[in-house]
There are 2 protein chains.
Amino acid sequence: MTDCKIQNVEAIRDSAGQACSMLKILANEDRLMLLCQLTQGEKNVGELEAATNIQQPTLSQQLTILRKDNIVNIRKDGKFNYYSIASDEVIQVMQTLGSLYGCNK
Amino acid sequence: MTDCKIQNVEAIRDSAGQACSMLKILANEDRLMLLCQLTQGEKNVGELEAATNIQQPTLSQQLTILRKDNIVNIRKDGKFNYYSIASDEVIQVMQTLGSLYGCNK
DNA sequence: TTTATATATTATAAATTTATAAATTATTAT
DNA sequence: ATAATAATTTATAAATTTATAATATATAAA
């Protein structure tokens, strides 16, 4: 069921490219902190700020990157903007990272 | 068993930092291609070159990065240098990536 | 309508990474 | 020794990312 057709170099490079696009987004300490928080559920910017100690403009900037790459969803409610993880792939990778480096290491 | 103590911000940042160091290394298309090949077992530089179409000096440069960060082992045999994955964490992450983007997607 | 709170945007300098070319080292075969 | 093959190292320009500061927008409360 997890059988693997022999793939040519270009097919592999294509997969590597996709995986790499995602990894580039995760490979930043601030973004990783934010996503780590969001694995626990939806949070607004103020909550993320408190939980990460990332200064507000930087945080907002990193959230913008995550939004543009469709890694997170935004939901506006009054003055508050609530974020949550949109990408199943990211959830899976965060789970693996959590088991390797996180609280249940 | 996977219970989680409440962690302070600095402890979480520390974990994020460790995970991030690893992700930065994976977040490059060439290095990812190379590691993808090495998940299938030890290979020498020429074999890696043929399997990835990465030009030789670039490939050697990326292998140097992987070596310095203890992601791969090198074993010299005559004119040939054989590489293999040294990091269990990397193996685990590659496995997750493989299931998301790879042949058994 | 003024003020305060929450958040986002813009701009720019500094740092890091990537791409590319040239030169060098190591081992084996002739 | 000389040549050939396998691989690494060095150098540098180009591109991307990160850090930092200043400014702007949106909503709600007074």
Side-chain angles (χ1 to χ4, degrees), chain A residues 9 13 16-38 42-86, chain B residues 9 13 16-38 42-86:
Chain A
V9 177
R13 182 163 285 283
Q18 287 179 247
C20 193
S21 303
M22 188 245 251
L23 291 172
K24 278 182 201 290
I25 295 163
L26 300 193
N28 169 282
E29 203 172 305
D30 288 336
R31 290 195 294 271
L32 204 55
M33 288 279 286
L34 293 171
L35 290 169
C36 181
Q37 290 304 311
L38 295 179
E42 193 186 58
K43 287 197 162 52
N44 67 42
V45 179
E47 291 170 329
L48 290 172
E49 194 179 354
T52 61
N53 287 351
I54 300 169
Q55 60 177 242
Q56 190 276 319
T58 299
L59 193 153
S60 200
Q61 208 170 355
Q62 297 305 334
L63 286 173
T64 300
I65 291 171
L66 295 174
R67 242 186 299 122
K68 290 203 173 125
D69 286 288
N70 297 309
I71 304 297
V72 298
N73 288 129
I74 185 171
R75 177 177 70 82
K76 304 195 179 199
D77 181 10
K79 319 198 256 192
F80 301 98
N81 289 359
Y82 286 88
Y83 285 89
S84 57
I85 301 186
Chain B
V9 177
R13 181 163 287 282
Q18 288 179 246
C20 194
S21 302
M22 188 244 251
L23 291 171
K24 279 183 201 290
I25 294 163
L26 299 194
N28 169 283
E29 204 172 305
D30 287 337
R31 289 194 293 271
L32 205 55
M33 288 280 285
L34 292 172
L35 289 169
C36 180
Q37 290 304 312
L38 294 179
E42 195 187 55
K43 286 199 163 53
N44 68 41
V45 178
E47 290 170 330
L48 291 172
E49 192 180 355
T52 61
N53 287 351
I54 300 169
Q55 60 178 242
Q56 193 277 320
T58 299
L59 192 153
S60 199
Q61 209 169 355
Q62 297 307 333
L63 286 174
T64 300
I65 292 171
L66 295 174
R67 243 186 299 122
K68 289 202 174 126
D69 286 287
N70 297 309
I71 305 297
V72 298
N73 288 131
I74 184 172
R75 177 177 70 83
K76 304 195 179 200
D77 182 10
K79 321 199 256 191
F80 300 98
N81 288 359
Y82 285 88
Y83 284 90
S84 57
I85 300 185

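What you see below is based on every heavy atom in this structure, not just the backbone, and it leaves out hydrogens, waters and symmetry mates. Order of the sequence lines sets the chain letters (A, B, ...), proteins ahead of strands, with each chain counted from 1.
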Between [N] and [X], is there an OP1 or OP2 to side-chain N/O distance shorter than 4.0 Å?
X: N44(B); N: dA6(D); value: no
X: S60(A); N: dA8(C); value: yes
X: N28(B); N: dT17(C); value: no
X: N81(B); N: dA6(D); value: no
X: Y83(A); N: dA6(C); value: no
X: R31(B); N: dT18(C); value: yes
X: R67(B); N: dT9(D); value: yes

Look at all strands and tell whether [X] reaches a base, only sugar-phosphate, or nothing, counting heavy atoms closer than 4.0 Å.
X: I74(A); answer: sugar-phosphate
X: Q55(A); answer: nothing
X: T64(A); answer: sugar-phosphate

Using every non-hydrogen atom in the two residues, find where R13(B) and M33(A) come nearest and quote the distance to one decimal.
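Minimum heavy-atom contact is CA-SD, 3.4 Å.
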
Passing option when Y83(B) is tested against Q37(B), E42(B), R75(B), R67(B) for side chain to side chain donor-acceptor pair (under 3.5 Å)
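Going through Q37(B), E42(B), R75(B), R67(B) one by one, the side chain to side chain donor-acceptor pair (under 3.5 Å) with Y83(B) is satisfied by R67(B) alone.
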
Counting only side-chain heavy atoms from C-beta out, which of dA8(C), dA22(C), dT28(C) sits nearest to L63(A)?
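So the nucleotide nearest the side chain must be dA8(C).
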
Measure from the side chain of V45(A), starting at C-beta and using heavy atoms only, and say which of dT20(C), dA8(C), dA6(D) lies closest.
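Nearest to the side-chain atoms of V45(A), counting from C-beta on, is dA8(C).
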
Has S60(A) got a side-chain atom pairing as donor or acceptor with Q56(A)'s backbone, closer than 3.5 angstrom?
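Side chain of S60(A) to backbone of Q56(A): no pair is present.
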
Please confirm whether the backbone N or O of N44(B) pairs with a side-chain atom of E47(B), one donor and one acceptor, at under 3.5 Å?
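Such a contact is found between E47(B) side chain and N44(B) backbone.
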
Interatomic distance, [X] [atom1] vs [N] [atom2] [rounded to whole Å]:
X: L59(A); N: dT9(C); atom1: CG; atom2: C1'; answer: 14 Å
X: E29(B); N: dT18(C); atom1: CD; atom2: P; answer: 11 Å
X: I65(A); N: dT9(C); atom1: CD1; atom2: P; answer: 12 Å
X: L32(A); N: dT18(D); atom1: CG; atom2: C1'; answer: 16 Å
X: L66(A); N: dT17(D); atom1: CG; atom2: C1'; answer: 14 Å
X: Q61(A); N: dA11(C); atom1: CD; atom2: P; answer: 13 Å
X: Q56(A); N: dA19(D); atom1: CD; atom2: C1'; answer: 15 Å
X: K24(A); N: dA15(D); atom1: NZ; atom2: C1'; answer: 11 Å

Residue met sooner reading DNA chain D from 5', once G46(B) and A27(A) are mapped to nucleotides:
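Nearest-nucleotide comparison on DNA chain D picks G46(B).
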
Contact nearer the 5' end of DNA chain D, comparing D30(A) with D77(A):
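This one resolves to D30(A).
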
I65(B) CD1 to K24(B) NZ distance, which is reported to the nearest 0.5 Å
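Reported value, rounded in 0.5 Å steps: 13.0 Å.
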
Quick one: pull up CD in Q62(B) and CG in N28(B) and give me the separation to the nearest 0.5 Å.
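One gets 5.0 Å once the value is rounded to the nearest 0.5 Å.
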
